[in-house]
Structure formats: C-alpha cells, structure tokens
Amino acid sequence: MRILIYSINFAPELTGIGKYNAEMAEWLAGQGHEVTVVTAPPYYPWWRVQQPYRSWLYRTERIGEVNVRRCPLWVPSHPSGIKRLLHLFSFALTSIPILLLQIFKRPDVLVVLEPTLFCAPVALGAARLSGARTWLHIQDFEVDAAFDLGILPSGRLRDTVLFFERLLMRSFDRISTISPNMVVRLIRKGIKQDNILLFPNWVDTGTIFPLDEPSPMRAKLKMNADTVAALYSGNMGEKQGLEIVLEAAQQLVAQNHIRFILCGDGAARARLQKTYAHLPNVMWLPLQPAERLNSLLNAADVHLLPQRADAADLVMPSKLTGMLASGRPVIATAHPDTQLAEVVSNCGIVVDPDDAAELAQAILRLARDKDMRFALGKAARAYAERHMAKNKVLSTFEGNLATLVGKE
C-alpha cells in the first residue's frame with residue numbers, strides 16, 4: 001500500500017503523539033508499504049523548534065524507510081488560548097501545497113491525525129483528487145478540550161464549531177480513537193458506529209520491561225534501596241494538572257524515604273519549578289533520550305499519572321503504556337467512570353483528581369507496602385502484554401487499512 005500520514009507531530013519528538021506516529025510509520029514501512037509523512041519540524045514538548053530544524057523552512061528527509069516532508073509552523077513560547085489555535089492553524093496552512101503535491105503519487109490511503117482537525121478540509125480535498133481512502137485517527141478531542149479547558153468560550157460558538165466538526169468527521173471513510181470511552185464519545189457526536197474502530201496506543205514490551213536488578217538510574221540519582229521513588233515522566237503542560245503531585249509532595253515532605261521525581265519538559269515546567277522550588281523531596285530531570293527510557297521507568301517504585309478532571313476521556317495519556325510495561329504500580333488522578341480509572345484500577349490506585357491529600361495517602365500506602373507494589377506491578381505488566389503489545393496493535397491496524405483500500 002501507498003500510505004500518506006498527515007500530522008503535526010513526528011520523530012524525533014520523544015513523547016506523545018510524535019513518538020507514536022514515528023513508530024507507526026516505521027513499522028508500516030518495515031512491512032513493505034510505501035510510507036510518506038507530511039509533518040512539522042520537531043517542537044514538542046519543548047515548545048520550541050529543535051536544532052538543526054528551522055520553524056520557517058520546508059525540508060525533505062528520509063528517516064529509516066519513511067519519506068518525511070516538513071512544513072513551517074509558528075510555535076508560541078507561551079502556548080495558551082488563541083495562540084495555541086494559531087499555532088495549529090499555521091501548520092494546516094503551510095502544509096497545503098506539500099499535501100497537494102502528494103496527489104501525483106496516488107496514495108491508497110490518507111491517514112490524518114487529530115490534533116489538528118484544521119488539517120481535515122485540505123486532506124479530504126486531496127484524497128478526493130487522488131482517489132485515496134481517508135482515515136481520521138483521534139489522539140485528543142481537541143475541539144472538546146478547547147472548550148472544556150477554557151481555551152475557548154462556550155455558548156453559540158461551541159455549537160457552531162461542533163457542527164462543523166461533525167461534518168468533517170462524517171466525511172472520512174474510517175475514524176479511530178484510542179480508548180473505548182473515546183469511541184463512545186464519537187458515537188454521541190453522531191458518527192456511525194460502523195465507521196469507528198478502536199486503535200489503542202501501544203508499547204514495545206521488548207524495549208520497555210521490568211529489570212531483574214535495580215535500575216542504574218537509581219544510583220545516578222543517589223537513591224538507596226530504602227528510597228521509594230514516585231515518578232512522573234512526560235509532558236509538563238497545563239493539561240496534566242501537575243500541581244496536585246507537587247502539593248502531595250509538600251504534604252509528604254517529612255517522609256524522608258519518599259522521593260518525587262519529575263522528568264520532562266513543557267509549557268508549565270518553568271512556572272511549576274519556580275513555585276515549588278522550596279521542596280527538598282522533589283527532583284527535576286530533563287526529558288531523557290529514548291535509550292534511557294527503560295532505565296528511567298525502572299527507577300520508579302510508583303508511577304504517578306495526574307489528569308485534570310475536565311480532561312477526562314478527552315485524552316488517554318500516552319505515557320500510561322510505558323508505565324504499565326515497566327511493571328510498576330500506577331497512581332492516577334481520575335474519576336471512577338473514566339477509561340483511565342478503569343485501566344489503572346487493575347494495577348494501581350485511583351484517587352480523586354482534586355484531592356492532593358488522597359494522592360499523598362495513596363503514595364504513602366504503597367511506600368509502606370512492598371508486597372502490594374510488587375503485586376500491582378505484576379498486574380500492570382500483564383495488562384501491557386495482553387492489551388498493548390506493539391506488533392499486535394499495529395498488525396490489526398494494518399489489516400484494517402488493507403480492508404479499507406480493498407487490498408486484503
């Protein structure tokens with residue numbers, strides 16, 4: 001198959017959607033498909049374009065067996081409100097000529113990643129001109145998030161935007177998303193169930209796995225065998241609600257054997273680090289390279305996964321897959337009826353997303369009970385192997401693509 005992928009995020013981004021897009025493209029190319037990606041220069045989660053790329057240049061490159069076309073975009077240093085929307089729109093605008101050029105390559109299928117839905121109109125037009133089938137994959141419900149998180153005001157504007165969102169979504173041949181609750185949300189938006197598929201995020205369980213011995217990262221961080229490490233690793237944006245983790249750290253500051261590790265980058269990091277700089281039990285680490293990820297995840301005794309209550313089932317945190325594969329228990333902040341709570345309740349503890357005291361008590365409970373940590377960690381690893389194995393998930397996706405284009 002000739003597969004065209006259209007997304008703002010791609011390698012060498014190490015976290016979030018870019019990581020999954022790159023792994024998907026490389027895996028499909030490895031199966032013998034011709035894969036082209038139209039994307040932007042890497043900027044996430046740093047919110048600045050990384051060297052040697054330039055935000056204002058078009059660029060063509062080849063990553064492994066994947067052809068990559070980079071398009072300019074505007075990256076705000078402080079993404080919020082209208083700036084974030086303009087950022088997404090800038091890529092949708094500059095990518096139009098590059099996407100239209102792909103018409104002449106006659107792709108069999110055009111896969112569009114949301115965010116950003118701004119790209120949908122030109123993608124649908126290009127697909128119609130080239131005869132390609134269309135597939136929309138939703139990682140985040142960006143429209144709902146924009147209103148529910150207060151980025152855009154609700155009211156008549158919301159009704160109008162949701163109307164046009166529904167029109168665009170109904171124009172795709174297939175729509176997929178990453179969790180059952182997000183599938184339900186699509187149905188409630190008026191999308192036919194026959195056109196919806198579940199396409200969850202995955203993890204390479206051969207790359208991320210429990211170590212038989214203490215992680216080398218613990219020694220580098222000067223943590224002895226008695227130290228209980230509570231780790232958050234990933235994007236540090238406003239959507240993550242990291243304040244609750246730091247408030248829990250403040251409540252546990254007298255527990256000398258508990259260490260909080262916050263690893264990553266993002267729009268909220270500088271503000272959070274300045275506000276909570278007085279906490280001696282919190283260690284801040286930069287985003288780690290891919291080759292150190294397994295060591296980092298294994299350095300944890302407990303993984304922390306905060307999520308704001310108003311982001312429930314708008315997103316399914318991509319970092320969860322690595323947490324589970326590392327064989328460590330997870331403490332998540334989520335309401336009990338959410339998809340995140342359903343998964344974590346089998347291999348960790350779920351606490352109220354607005355209750356730092358409850359989070360602190362859950363951390364303390366696991367810190368005091370090594371056997372419980374081991375049992376929950378074993379359940380986490382089993383869940384990852386059963387539901388999130390990379391080859392299994394991507395093989396199913398490949399089969400669904402082949403069915404869509406009539407090349408079973």
Side-chain angles (χ1 to χ4, degrees), residues 1-11 17-18 20-40 58 60-63 65-71 73 88-89 91-143 164-178 186 191-192 194-199 394 396-408:
M1 287 183 287
R2 292 185 297 276
I3 302 170
L4 177 59
I5 298 172
Y6 188 22
S7 174
I8 195 171
N9 299 107
F10 196 69
I17 298 169
Y20 285 105
N21 287 345
E23 291 180 1
M24 175 179 68
E26 291 165 4
W27 190 93
L28 289 169
Q31 307 309 305
H33 303 293
E34 181 183 323
V35 181
T36 300
V37 177
V38 176
T39 187
Y58 287 95
T60 300
E61 60 183 320
R62 191 168 176 86
I63 299 179
E65 297 301 315
V66 179
N67 299 308
V68 181
R69 302 295 304 271
R70 307 268 184 188
C71 305
L73 85 168
L88 297 172
F89 182 73
F91 170 70
L93 188 64
T94 65
S95 61
I96 290 174
I98 300 303
L99 192 72
L100 292 178
L101 284 174
Q102 305 309 307
I103 292 171
F104 301 104
K105 295 185 178 181
R106 308 292 294 180
D108 294 306
V109 60
L110 198 168
V111 181
V112 180
L113 278 295
E114 181 185 353
T116 172
L117 199 63
F118 282 125
C119 293
V122 67
L124 290 166
R128 177 164 293 187
L129 290 171
S130 65
R133 304 306 298 272
T134 54
W135 185 304
L136 175 65
H137 180 57
I138 299 171
Q139 284 276 359
D140 292 359
F141 282 105
E142 62 178 323
V143 173
F164 283 106
E165 178 196 46
R166 188 182 308 113
L167 286 181
L168 287 172
M169 286 182 172
R170 285 178 172 175
S171 300
F172 282 85
D173 297 311
R174 291 289 184 275
I175 300 181
S176 60
T177 192
I178 60 178
L186 278 173
I191 309 303
K192 292 181 179 179
D194 291 346
N195 287 343
I196 303 172
L197 290 169
L198 178 65
F199 179 21
L394 289 177
T396 300
F397 175 59
E398 179 190 29
N400 286 327
L401 283 178
T403 299
L404 178 62
V405 303
K407 293 187 177 183
E408 291 183 279

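Just so you know, these numbers use all the heavy atoms, side chains as well, and skip hydrogens, waters and symmetry mates.
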For a quick test of reading the model, state the closest non-hydrogen atom pair linking [X] to [Y] and the distance between them.
| X | Y | result |
| --- | --- | --- |
| Phe118 | Glu142 | N-OE2, 4.4 Å |
| Ile178 | Leu198 | C-CD1, 3.7 Å |
| Val143 | Leu117 | CG2-CD2, 4.2 Å |

Cut-off 3.5 Å, no hydrogens considered: what does the side-chain donor-acceptor table look like for residues 122-130, sequence neighbours left out?
from: Ser130; atom 1: OG; to: Ala126; atom 2: O; distance (Å): 3.0
from: Ser130; atom 1: OG; to: Ala127; atom 2: O; distance (Å): 3.3
from: Ser130; atom 1: OG; to: Ala132; atom 2: N; distance (Å): 3.4

Considering residues at least two apart in sequence or located in another chain, which fulfil the side chain to side chain contact (heavy atoms under 4.5 Å, CB included) criterion with [X]?
| X | value |
| --- | --- |
| Ser176 | Trp135, His137, Leu197, Phe199 |
| Tyr58 | Cys71, Pro72, Thr94, Pro97, Ile98 |
| Ala22 | Phe10, Ala11, Glu26 |
| Ala40 | Ile8, Leu73, Phe91 |

Strictly by salt bridge (charged side-chain N to carboxylate O under 4.0 Å, His left out), give each pair with a member in residues 164-177 just once, sequence neighbours left out. Arg133-Asp173, Glu165-Lys189

N/O donor to acceptor pairs below 3.5 angstrom from side-chain atoms of residues 29-38, sequence neighbours left out:
from: Gln31; atom 1: NE2; to: Trp27; atom 2: O; distance (Å): 3.4
from: His33; atom 1: ND1; to: Met1; atom 2: N; distance (Å): 3.1
from: His33; atom 1: NE2; to: Glu398; atom 2: OE2; distance (Å): 2.7

Check: Arg2 side chain, Arg106 main-chain N or O, donor-acceptor pair, under 3.5 Å: yes

Hits for side chain to side chain donor-acceptor pair (under 3.5 Å) against Ser7, two or more places apart or cross-chain, chain-then-number order -> Asn21

For Thr116, check side chain to side chain donor-acceptor pair (under 3.5 Å) against everything at least two apart and list the hits. none

